[in-house]
Amino acid sequence: MTETPARDKAADTAPYKHLYLVDGSGYIFRAFFAIPPRMTSHGVHTNAVFGFTNMLIKLLRDTDADGLAVIFDHSGDSFRNEIYPDYKANRDEPPEELVPQFAAIREATRAFGLPCLEQPGYEADDLIATYARLAADQGLRVTIVSSDKDLMQLVAERIDMLDPMKDKAIGRDEVIEKFGVPPEKVIDVQALAGDSTDNVPGVPGIGIKTAAQLVEDYGSLEALLERAGEIKQPKRREKLIENADLARVSKRLVTLEQQVPVEADLAGFGLREPDPEVLRDFLERYEFRSILNRLADKLVANGGEGVVPDAKEVGGSAAPVTSEAPAERPPGSGYETVQTAEALKAWVARATEAGTVAVDTETDSLDSLRATLVGVSLAVAPGEACYIPLAHKGDGGDGDSLDFEAGAPPQQIPLEEALDLLRPLLADPTVLKIGQNLKYDLEVLHRYGVEVAPLDDTMLLSYVLEGGLHGHGMDELSKLHLDHTPIPFKEVCGSGKSQITFDRVPLDRATDYAAEDADVTYRLHALLKPQLVTEKVTRVYETLERPLVPVLVAMEEAGIKVDTGQLKRLSNDFATRMGELETEIHRLASRPFNIGSPKQLGEILFDELSLPGGKKGKTGAYATGAEILEQLAAQGHDLPARVLDWRQVAKLKSTYTDALQNQINPKTGRVHTSFGQAVASTGRLSSTDPNLQNIPVRTEEGRKIRCAFVAEAGHKLLSVDYSQIELRLTAHIAGVDALREAFAAGHDIHAMTASQVFGVPLADMDPATRRRAKAINFGIIYGISAFGLAQNLGIAQGEARDYIGAYFARYPEIQDYMERTKAEAKERGWVGTLFGRRIHLPTIRDKNPARRSFGERAAINAPIQGTAADIIKRAMIRIPPAIEAAKLEARMLLQVHDELLFEVPEAQVEETAALVAQVMEGACAPALELTVPLVADVGVGASWDEAH
DNA sequence: CGAGTCACG
DNA sequence: GACGTACGTGACTCGG
């Protein structure tokens, strides 16, 4: 090694203007975890090298780089280990798939003719720091290509950074965003906060945010350490005094060395064209065929064999999309408007002959139980579709008024005559009716005395095939699978104030729109239905989703009775209470303000009253969530306590007592929800307009609303719910013998867990220990994290980590399950339920670690939540025929994920309860035998509150 | 129309 | 090696 300082060797004028310094070591680690695995035909892992190569190409192509060097860590200790022996001592060995890529990435660098720099005793960051300073001193622009925050201290007037993973430029502002201080103070902040990944100690108890605040307040680390005695918080003061030297050592560790006696000369970093033969040889050996193709024109030296298809990436799982025959016309024109009985008869005959017909109804409302039928469209083959108008009005006035400008209604088949012609077709067991969200059409047609069966639903086909990947609305599916955008509803009916109902749309436009929907549905069906078999989800579709449609129709049609008098009384009570609280809150705040505005509330609490704990989020607004307000209330502040009260009452009033009254169907006097069957990615149902799956139950005030859900005279409400179904399924799926035995014996599962994990004898179990165990049990189902558990229990993350460790030590099968499931999800892009439902997790391979972790937790939860959803769906499908067979008259009204609610004649309550519980407990058979018992608990009452 | 908040399993 | 945090939903209110 030469001792000559590089400065003397550097050319005074480098042959370039903008130098890029690429952090090769940093990149390879990040790329390894961010990029899906891939390997050569010889089994050599190449994902990180592939990412690096692509990044280099992009850099050379898209930027103004005219000088470039790639810098690596040298293996072995650096001078920092002499300062602090534990530096980076907590690092795991790199994964074995990564190790061979260290050499390959250097090869890649050389293949592009680029300098490849490293130096014993120094880390890449020090070399980068040194070269960056040298170049900047010469007036060159420097861009450091790295995602490593440790390099941010180098950002300066002529030095910026580029995050190659996010393709994001990092300048002074971004550094301030990250560290809360400008670049020149970053090392002070890092010295205080430490860095767990590098094992830089810092000062215990101080994180980035506190550090930034302190450095800002005192100007520098040294000034802070000297005046540490002035700090108000006693704990913080002690820690700072006690650990001042540790902070100073930390600062030396995080400070990059800008005076490395470097060997290579800046002048040699000018870009030049790579040798095509060397580059080609490299790309071929690593089998980067897609890159070879892209660079084909630059690699002519070898002639070669031409275009080679890219190797399929490991784990790539995009479902192949078969395309329609090319001769076919795209959807969108040549549809027939059916205005005579003769024409309709011809269409019915064609549909009967074909054995398959796509059906769509047009109405004047999204509410299927109030909508008026305006027309029906049919499709019998791709492009062969018609629209049958049934209740269109003239194109001007409302038909009833004396508006002389209004056109007369168009010619239409009389409604009853048309229905009589359609009825046999729609009920014909030999003709398959295809629809998109047929539940809606079934409900509309049912009110006109029309039955529809058998059926296939393209929305549900898409849901079972590609749940989790995208939504399942028709427009979205059409764009995705048919590459065709159907006429938007807005274009036909307008939007906002000037929106018209479909019965006002002129017949030609109505036909274009309505027949196209049937046409698109027909084509989607032809495309999706065969995929059930190839994708192995036939059972999910045929045994879970398709038979559920008529069940949901019956439930939505049944609705549930609400006691309006009770709701009105509650509404008044809540209004009075809100008024009282409002007066009190305004008095405490010393001025009136809008309590419902989090923005105004935050300003009152933290600016005007200067209460502690004001934290601003991304949007610059103070956080005023329940958790924050509870903390303040616990400290004895009245205003936040009253706001919490006010919020609870306001929520109950606006969302439940008021909104519910408006949702009562005037014809039935009952409330009819709509169940979403293709919404939740896990297979659960959802409930809207109104949502009856989130009626309050956890607080006493809230339960008053449940009291308003009542049974018809002479009837009772019967509630049957699965006890601990998700935890039971976890025990089964993960194969946890200890939990299975506890369930089999009927023990208190949370107490049992507490005993087994914390070693407390069952007899001495205290509620706090049981509560901890319960929180862990729930956490497991959600894909536990120390952070989440700590948050939930209000404990330190370290303590939460210990709990999880103890739990995994006691139930190692759970940890196995989690690791297995994550690996499987990453490999395939989806996870499955016990009944074969697939839940896709597109974020599981995301390069953003937050989104990826999110995907991993969802992967752990989905098989559990999804299997529970499958089981209750099986029960729901079996219950109506079981009730009928037993000659009972109970009606199933609602499903709330693990609970079914029924309305039952008083005399039949016991028999129905026993029957329902039996079906629910046996819902897995005969497809599956669980190794834990399923238990259904029964409740009966005049109201939902009593029954629950 | 997005963010914040909060109701449920 | 780094980012944000428990899983899945829907409705209401505010404010740009």
Side-chain angles (χ1 to χ4, degrees), chain A residues 25-34 91-92 94 98 146-150 163 165-166 178 195-198 594-602 617-619 621-629 644 647-648 650-656 658-660 673-674 676 679-699 702 705-706 721-722 725-726 775-776 778-792 797 800 839 846-854 856-866 868-869 872 895-899:
Chain A
S25 292
Y27 185 86
I28 195 169
F29 268 99
R30 288 177 174 83
F32 178 76
F33 292 105
R91 289 281 175 91
D92 291 333
L98 174 58
S146 175
S147 310
D148 190 343
K149 63 178 177 355
D150 294 346
D163 181 339
M165 309 296 294
K166 292 182 186 159
K178 172 86 192 175
D195 185 339
S196 57
T197 54
D198 290 348
N594 185 346
I595 307 167
S597 161
K599 185 168 170 280
Q600 294 182 29
L601 175 64
K618 302 167 229 172
T619 56
Y622 288 112
T624 67
E627 222 164 291
I628 308 264
L629 299 190
L644 282 169
R647 275 193 185 161
Q648 192 196 11
K651 177 88 175 180
L652 293 175
K653 183 173 187 305
S654 69
T655 307
Y656 299 104
D658 291 353
L660 223 39
T673 187
S674 174
V679 180
S681 59
T682 53
R684 273 191 179 181
L685 297 177
S686 74
S687 163
T688 56
D689 307 305
N691 181 354
L692 295 185
Q693 290 182 323
N694 72 346
I695 300 303
V697 69
R698 292 173 188 171
T699 66
I705 289 161
R706 279 201 178 218
D721 71 302
Y722 282 115
I725 187 167
E726 293 195 351
I776 307 179
F778 268 99
I780 293 298
I781 293 168
Y782 296 152
I784 201 155
S785 74
F787 182 95
L789 183 63
Q791 182 103 349
N792 189 288
Q797 245 188 94
I839 295 108
D846 200 298
K847 64 182 163 123
N848 176 316
R851 282 198 289 269
R852 193 169 59 245
S853 315
F854 187 68
E856 289 173 352
R857 293 193 297 271
I860 291 165
N861 171 262
I864 302 167
Q865 190 182 117
I872 198 166
Q895 187 249 46
V896 192
H897 311 308
D898 65 356
E899 173 190 6

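Predicted, not measured: the structure shown is a model, and the values here were computed from it. Proteins come first, then strands; the chains are lettered A, B, ... in the order of their sequence lines, and each starts at number 1.
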Mapping A:Lys149 and A:Gly788 to their closest nucleotides on DNA chain C, which lands nearer the 5' end?
A:Lys149

Given atom CD of A:Glu726 and atom C1' of C:dG8, what is their separation to the nearest angstrom?
9 Å

So, does A:Thr624 get its side chain near the phosphate of B:dT5, meaning an N or O under 4.0 Å from OP1 or OP2?
yes

At less than 4.0 Å, is any side-chain N or O atom of A:Ser25 found next to OP1 or OP2 of C:dG1? Yes or no.
no

Under a 3.5 Å cut-off for both contacts, is C:dA2 paired Watson-Crick or G-U wobble with anything, and if yes, with which nucleotide?
none

Grab the CD1-C1' distance between A:Ile872 and B:dG9 for me, whole Å please.
10 Å

Look at A:Arg647 and B:dC6 and indicate whether a side-chain polar atom (N or O) is within less than 4.0 Å of OP1 or OP2.
yes

Just N and O in the side chain of A:Gln600: are any of them under 4.0 Å from OP1 or OP2 of C:dG15?
yes

If I take atom CD1 in residue A:Ile864 and atom P in nucleotide B:dG9, what distance separates them, rounded to the nearest angstrom?
18 Å

Pick the P atom in C:dG4 and in B:dG4, then give their distance to the nearest Å.
14 Å

Looking at every strand, decide which applies to A:Ile781 at a 4.0 Å heavy-atom threshold: base, sugar-phosphate, or nothing.
nothing

If you check every side-chain atom of A:Phe787, which of C:dT5, C:dA11, C:dG1 has the closest atom?
C:dT5

A:Asp721 atom CG is separated from B:dG9 atom P, nearest whole Å, by 9 Å

With a non-hydrogen cut-off below 4.0 angstrom, is A:Ala34 in contact with a base, only sugar-phosphate, or nothing?
nothing

Regarding A:Asn792, tell me which of base, sugar-phosphate or nothing describes its non-hydrogen contacts under 4.0 Å with the strands shown.
base

Of the listed nucleotides B:dG9, B:dA7, C:dA6, the one nearest the side chain of A:Gln648
B:dA7

Residue A:Asn694, side-chain heavy atoms: nucleotide from C:dG8, C:dG4, B:dC8 that is nearest
B:dC8

Do A:Gln693 and A:Ser687 get their side chains close enough for a donor-acceptor pair, meaning under 3.5 Å?
no

Which heavy atom in A:Gln600 sits nearest to a heavy atom in A:Asn594, and how many Å separate them?
OE1-N, 2.8 Å

Between C:dG4 and A:Ser853, is there an OP1 or OP2 to side-chain N/O distance shorter than 4.0 Å?
no

State which of B:dT5, C:dC7, C:dA2 makes the closest approach to the side chain of A:Arg30.
C:dA2

Interatomic distance, A:Arg706 CZ vs B:dG9 P [rounded to whole Å]
6 Å

Counting any heavy atom closer than 4.0 Å, what does A:Tyr656 reach on the DNA or RNA strands: base, sugar-phosphate only, or nothing?
sugar-phosphate

Any base atoms under 4.0 Å from A:Phe854, or only sugar-phosphate, or nothing? Heavy atoms, all strands.
sugar-phosphate

Using a 4.0 Å heavy-atom cut-off, does A:Arg698 contact any base of the nucleic acid, only the sugar-phosphate backbone, or nothing at all?
base

Rounded C1' spacing from C:dA6 to B:dG2 in Å:
24 Å

Please figure out whether A:Asn594 or A:Tyr782 has its closest DNA chain C nucleotide nearer the 5' end.
A:Tyr782

Indicate the atoms forming the closest heavy-atom contact of A:Asn792 with A:Ala775, along with that distance.
OD1-CB, 4.0 Å

Select base, sugar-phosphate, or nothing to describe what A:Ala800 touches, counting heavy atoms under 4.0 Å on all strands.
nothing

So if I take every side-chain heavy atom of A:Asp148 and compare against C:dG8, C:dC14, C:dA2, which nucleotide ends up nearest?
C:dA2

Side chain of A:Pro696 only, please: which of B:dA7, B:dC6, C:dA11 is the nearest?
B:dA7

Considering just the side-chain nitrogens and oxygens of A:Ser687, establish if one lies under 4.0 Å of OP1 or OP2 belonging to C:dT9.
no

Going by 5.5 Å between centroids and 30° between planes, is there a stack of A:Phe33 over C:dG1?
yes

Spacing of the P atoms in C:dC3 and B:dA7 (rounded, Å)
33 Å

Rounded to the nearest 0.5 Å, what separation is found between the NZ atom of A:Lys651 and the OG1 atom of A:Thr699?
12.0 Å

Donor-acceptor pair, A:Asn861 side chain versus A:Ile781 backbone, under 3.5 Å?
yes

Distance check needed: C:dG8 P versus A:Arg684 CZ, whole Å only.
10 Å

Under 4.0 Å, heavy atoms only, any strand: does A:Ser785 hit a base, just the sugar-phosphate, or nothing?
base

Nearest atoms (heavy-atom pairs only) where A:Ala800 meets A:Ala790
CB-N, 3.7 Å

Return the minimal non-hydrogen interatomic distance between A:Leu629 and A:Arg647, and the atom names on each side.
CD1-NH1, 3.6 Å

Is there a donor N/O on one and an acceptor N/O on the other, under 3.5 Å, for the side chain of A:Gln865 and the base of C:dC7?
yes

What contact category does A:Ala659 fall into here, base, sugar-phosphate, or nothing, at under 4.0 angstrom with non-hydrogen atoms?
sugar-phosphate

Between CG of A:Asn848 and P of C:dG1 the distance, given in whole Å, is 18 Å

Scanning both residues in full, the closest heavy-atom pair of A:Leu692 with A:Ile695 reads O-CG1, 3.8 Å

Using a heavy-atom cut-off of under 4.0 Å over every strand shown, decide if A:Lys178 touches base, sugar-phosphate, or nothing.
sugar-phosphate

Which part of the nucleic acid, if any, lies within reach of A:Leu685 when heavy atoms closer than 4.0 Å are counted: base, sugar-phosphate only, or nothing?
nothing

Interatomic spacing from CG in A:Leu685 to NE2 in A:His897 - rounded to 0.5 Å
8.0 Å

With respect to the side chain of A:Thr688, which nucleotide from C:dC7, C:dG8, C:dA11 is positioned closest?
C:dA11

Can you tell me which nucleotide in C:dC3, C:dG15, C:dG8 comes closest to the side chain of A:Asn861?
C:dG8

Nearest-Å distance, NZ (A:Lys651) to P (C:dC14)?
13 Å

Testing B:dT5, B:dC8, C:dA6 for proximity to the side chain of A:Val697, the answer is B:dC8

Using a 4.0 Å heavy-atom cut-off, does A:Gly783 contact any base of the nucleic acid, only the sugar-phosphate backbone, or nothing at all?
nothing

